[in-house]
Amino acid sequence: MPTSQLTFRSATDADIPGLVELIESAYRGDASRAGWTTEADLLAGQRTDPDGVAAVVRNETGRLLIAERDGELVACCQLEHRGDHVYFGMFAVRPTLQGGGLGKVIMAEAERTAQAAWGAREMRMTVIRQRAELIAWYERRGYRRTGQLTPFPYGDERFGIPQRADLEFELLVKRLG
């Protein structure tokens, strides 16, 4: 997919329904199996909901960055300024477009935006530690594993229904600039 056709902008309330659909399609259910970032074997249920996406869109300390091609929403990511770093989350690429380099382009734009908007020197994210292939992809982008783990929010179905009892998040960090 040629990157010259991509445009980036901050999401608005009008984008929320499309963003929920995109994020759900990238992580949950059979549709997510078209791509390689699925969590369907680890988590059932929802990945997010309109309220969760709206909270990110309306967050005054960040933005939900969206990528469009010919007016179609193809990817998104959350950027939240947290003092000495920017948190990267809610990263989703349309499953049928995964594996073609689009994720790398989105990551580069997210890092550029974090530096330009907030002067960020570091990007942080949390990834389910059992997702070895995804963590390896981030490592190839310059992120490093910290070994700092936090528990998965078991019992809070807003984040999904765990399919195993050992899920944890690991903090990944990348120096910018």
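In this chain, numbering begins with 1 at the start of the sequence shown.
Applying the salt bridge (Lys or Arg N to Asp or Glu O under 4.0 Å) criterion to Asp70, with sequence neighbours excluded, gives no partner residue. Checked against salt bridge (Lys or Arg N to Asp or Glu O under 4.0 Å), Arg145 has the following partners two or more places apart in sequence or in another chain: Glu170. For Asp49, there are no salt bridge (Lys or Arg N to Asp or Glu O under 4.0 Å) partners two or more places apart in sequence or in a different chain. Under the salt bridge (Lys or Arg N to Asp or Glu O under 4.0 Å) criterion, Arg124 pairs with Asp84, Glu122, not counting sequence neighbours.
One finds the CE atom of Met125 at 8.5 Å from the OH atom of Tyr87 (value rounded to the nearest 0.5 Å). We find the NE2-CG distance between His85 and Leu176 to be 11.0 Å, quoted to the nearest 0.5 Å.
With side-chain heavy atoms closer than 4.5 Å counting as contact, directly or through intermediates, Leu149 stands alone and belongs to no larger hydrophobic cluster.
Under the 30°/60° scheme for interplanar angles, the aromatic rings of Phe169 and Phe152 are found to lie parallel.
Nearest heavy atoms, Ala114 versus Met123: CB-CE, 4.2 Å. Residues Val93 and Gly103 share a closest heavy-atom pair of CG2-CA, 4.3 Å. Nearest heavy atoms, Met107 versus Phe91: SD-CE2, 3.9 Å. In terms of heavy atoms, Gln130 sits closest to Leu167 at NE2-CA, 3.6 Å.
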| task | Walk me through it: do Val74 and Leu6 pass the test side-chain contact (heavy atoms from CB on, under 4.5 Å)? | result | CA-CA 9 Å; Val74 296; Leu6 283 180; 3.9 Å; yes
| task | Please report the C-alpha distance between Leu79 and Trp118 in whole Å, then the side-chain angles of each, then the deciding distance to 0.1 Å, and finally whether the side-chain contact (heavy atoms from CB on, under 4.5 Å) criterion is met. | result | CA-CA 10 Å; Leu79 298 173; Trp118 300 291; 4.0 Å; yes
| task | Run the numbers on Trp137 and Glu133 for side-chain contact (heavy atoms from CB on, under 4.5 Å), then give the verdict. | result | CA-CA 6 Å; Trp137 187 86; Glu133 188 176 330; over 6 Å; no
| Given Lys174 and Tyr138, is the side-chain contact (heavy atoms from CB on, under 4.5 Å) satisfied, shown in steps? | CA-CA 9 Å; Lys174 179 179 181 177; Tyr138 285 125; over 6 Å; no
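The main-chain N or O of Arg58 is never found under 3.5 Å from a side-chain atom of Glu60 such that the two would form a donor-acceptor pair. Distance alone, capped at 3.5 Å, places no donor-acceptor pair between the Gln78 side chain and the Gly62 backbone. Glu80 places no side-chain N or O within 3.5 Å of a backbone atom of Thr61 that could act as its donor or acceptor partner.
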Side-chain donor-acceptor pairs under 3.5 Å in residues 15-22, sequence neighbours left out?
unit_1	atom_1	unit_2	atom_2	d
Asp15	OD1	Arg9	NH2	2.8
Asp15	OD2	Arg9	NH1	2.9
Asp15	OD2	Arg9	NH2	3.4
Asp15	OD2	Thr12	N	2.8
Asp15	OD2	Thr12	OG1	3.2
Glu21	OE1	Arg94	NH1	3.3

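For the pair Arg69/Leu102, no side-chain contact is recorded, criterion being any heavy-atom separation below 4.5 Å from C-beta on.
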